[in-house]
Participant: 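Structure provided below as structure tokens; questions to follow.
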Amino acid sequence: MNYNNYDTSYTSYGAGGGAGGGGFIPGEGGSQQSPGGRRDHAQDSLRPVTIKQLLDAQLHPGSNDTFKIDGSPISQLTFVGQIRNISTQTTNTTYRLDDGTGSIEVKQWVDSDAVDTANPTKAKLVEGAYCRAWGKLKSFNERRSVGAQIIRPVEDMNEVSYHLLEATSVHLYLTRGPPGGASTGAGAAAANGAGQQQAAGGTDSGYDLGSYTQTAKRVFQYLRQAPQTNEGLHQHDIAANLGVDVADVARAGDDLLAGGLIYTTVDDQTWAILEAD
Amino acid sequence: MDHPQTPRILAPHLNAFQHRIVRILGKVVQLRGETAIIDAGGHVDVILNRDSHLAVGHAVEVIGKVDQNLHVKVQASTDFGTNIDFNAANAVVEATHRYKAIFYDEQ
């Protein structure tokens, strides 16, 4: 009953879910104007989400379609779910989708121009089937729903796993930053280098230095163990620390560069180890 | 009409999800009339309902309640075919429990 009530009042707002492609009724503009006017196209990204994220999304005060998830504004969304219920009306079809994290109503407006062309994908949208939807989150009378542009059946069930992993990945990106951020990346590399150094001893784990001169081997070892930034070390520093002539270090560096074991960074005289992995 | 959260789990999680409704994706190992065994990170005994149509060797997603014997009483099942990447599916289960904020609420 609740559902019917909701549906009627929603319909009286005409194209309240205007993004769904229904007709545009000029009089309805009032309720939509403020979010519409502030619309920022730079933030029109397509976000993969779980339904729980939609239900938990923060509603911007005084608005009914401006939400944030993980502190980031959302606009276009995509998600995958199983159809639990289908309700077909003349103007729209409403699906209740369940992805295991929650369920939400997804409303697709009927495009009156396309009524005659039978939609072959729609026949596959039956109860129990998995589908992917694209649309925007709306809130009306404290009830959330999605106005969908596209709903299509999932053909390869791996898409369900794929979507949930993608949603997790984007969630982590927004809450924790990009993977392997500069500081953690350098730390991990340093730890890795130290580990290799210990294991290396006299021989070199993973690096074949057999054909190089003694100086080249020392330069390489020094580059691996000396504390440095990601710019590596200048050949003068290496020469000074090893007590070797700069010209010898330069020659050794040329050999190592030619062998692909090191690479030049800020200039030709500054080198860093080219990690084997 | 109401559709509760159904966290995705594998066999090792059964104990922690007793008396809860869960979602398990596994491969059908054996059919025994009213019951079946599916492999989802370990064997899981499922108690079928009338509408379950499982096929041995196929992946199946079951929604059901974990009982005190750690059997799963099936409420709904969906055939996932024979082309399922279980590494990806198991990664989803791991993500579900590691980053539960976007997947399920504690009870």
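Just so we're on the same page: letters track the sequence lines, and every chain starts at 1. Since the model is a prediction, treat every value here as computed from it, not as a measurement.
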Participant: Where the side chain of K52(A) meets the backbone of A101(B), is there a donor-acceptor pair that is under 3.5 Å apart?
Facilitator: yes

Participant: For I21(B), which atoms come within 4.5 Å of any heavy atom of chain A: side chain, backbone, both, or neither?
Facilitator: neither

Participant: Using heavy-atom distances under 4.5 Å, tell me whether D98(A) contacts chain B through its side chain, its backbone, both, or neither.
Facilitator: both

Participant: What part of N90(B) gets closer than 4.5 Å to chain A, counting heavy atoms only: side chain, backbone, both or neither?
Facilitator: neither

Participant: Among the options Q82(A), Q53(A), R84(A), pick out the one with the most heavy-atom pairs lying under 4.5 Å from chain B.
Facilitator: R84(A)

Participant: Under 4.5 Å heavy-atom distance to chain B, tell me which part of V160(A) shows up: side chain, backbone, both or neither.
Facilitator: side chain

Participant: Could you point out which residue of L14(B), V93(B), V66(B) forms a side-chain contact (heavy atoms from CB on, under 4.5 Å) with I24(B)?
Facilitator: L14(B)

Participant: What are the two closest heavy atoms between T50(A) and T101(A), and how far apart are they?
Facilitator: CB-OG1, 3.7 Å

Participant: Examine whether an atom of Y130(A) lies under 4.5 Å from a heavy atom of chain B, and if so say whether it belongs to the side chain, the backbone or both; otherwise answer neither.
Facilitator: side chain

Participant: Counting only non-hydrogen atoms closer than 4.5 Å, does L172(A) touch chain B with its backbone (N, CA, C, O), its side chain (CB onward), both, or neither?
Facilitator: side chain

Participant: Under 4.5 Å from any heavy atom of chain A, what part of F80(B) do you find: side chain, backbone, both or neither?
Facilitator: both

Participant: Can you measure from OG1 (T78(A)) to CH2 (W134(A)) and round to the nearest 0.5 angstrom?
Facilitator: 5.0 Å

Participant: Using a cut-off of under 4.5 Å for heavy-atom pairs, which of L164(A), D70(A), I69(A) has the most such pairs with chain B?
Facilitator: L164(A)

Participant: How close do L10(B) and G41(B) get, heavy atom to heavy atom, and via which atoms?
Facilitator: CD2-N, 4.1 Å

Participant: Do you know which two heavy atoms are closest between S161(A) and A89(B), and how far apart they sit?
Facilitator: OG-CA, 3.5 Å

Participant: Look up atom NE2 in H97(B) and atom CZ in F17(B), then write down how far apart they are to the nearest 0.5 Å.
Facilitator: 4.5 Å

